Amino acid sequence: MTDTTVTRNESESRYDVHVDGELAGFAQYEIDGDRAAFTHTEVFEAYQGDGVAGTLAGEALADTASRGLTIVPVCPYIAKYLDRHEVEGATVAPPQ
């Protein structure tokens with residue numbers, strides 16, 4: 001059984017996903033006022049195909065929504081995730 005955790009890494013402006021204590025990927029964001037633009041999502045090759053990206057996106061977006069920020073899906077993976085999944089309380093705005 002694997003232990004997957006997602007944490008907000010404010011010093012790097014990203015959410016990190018760890019699998020069994022090892023960094024497995026990240027979702028980069030940029031804050032501008034009350035908007036959080038997700039610009040890049042990456043899961044390292046050794047962790048691809050195991051649902052790690054979905055866990056990362058879901059938890060990062062849920063945390064962003066809980067903070068009252070508008071989500072701007074610049075990253076194609078985040079945009080696709082939002083098309084397929086409901087994120088409770090999320091406000092989403094198109095990239096400008």
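Computed from a prediction, not measured in an experiment: that's the story for all the values here.
For F26 and Y15, the ring centers sit 6.0 Å or farther from each other.
Side-chain contact check for L23 versus F44: some heavy-atom pair is nearer than 4.5 Å. Counting heavy atoms from C-beta outward, Y29 and E12 have side chains that stay 4.5 Å or more apart. The shortest distance between side-chain heavy atoms of S13 and I31 does not fall below 4.5 Å. By the 4.5 Å heavy-atom criterion applied to side chains, T5 and V17 are not counted as neighbours.
Nearest heavy atom pair, residue A24 against residue V52, reads CB-CG1, 4.3 Å. Minimum heavy-atom separation, S66 to D63: OG-O, 2.7 Å. Looking at every heavy atom in both residues, L69 comes nearest to G33 through CD2-O, 4.1 Å. Closest approach of P73 and A93 over heavy atoms only: CD-O, 3.2 Å. Listed here is the closest heavy atom pair of G58 and Y81: CA-OH, 3.2 Å.
The distance from atom CD1 of I71 to atom CG of L61, rounded to the nearest 0.5 Å, is 4.5 Å. Once rounded to the nearest 0.5 Å, the distance linking OG1 of T7 with NE2 of H18 reads 5.5 Å. To the nearest 0.5 angstrom, K80 atom NZ is 12.0 Å from T41 atom OG1. Atom-to-atom distance recorded for T4:OG1 and D20:CG is 7.0 Å, nearest 0.5 angstrom. Atom OG1 of T70 sits about 5.0 Å away from atom CG of D34, to the nearest 0.5 Å.
Under the side chain to side chain contact (heavy atoms under 4.5 Å, CB included) rule, Q28 has a single partner from T39, N9, V74, which is T39. None of E59, R67, R14 except one satisfies the side chain to side chain contact (heavy atoms under 4.5 Å, CB included) rule with R8; the exception is R67.
By the criterion of side-chain heavy atoms lying less than 4.5 angstrom apart, applied directly or through intervening Ile, Leu, Val, Met, Phe, Trp or Tyr residues, V92 is not grouped with V72; the two fall into different hydrophobic clusters.
A donor-acceptor pair is defined here as one N or O able to donate and one able to accept, closer than 3.5 Å; such a pair exists between the side chain of Y77 and the backbone of G54. Using modelled atom types, one side-chain atom of Q48 and one backbone atom of V43 make a donor-acceptor pair closer than 3.5 Å.
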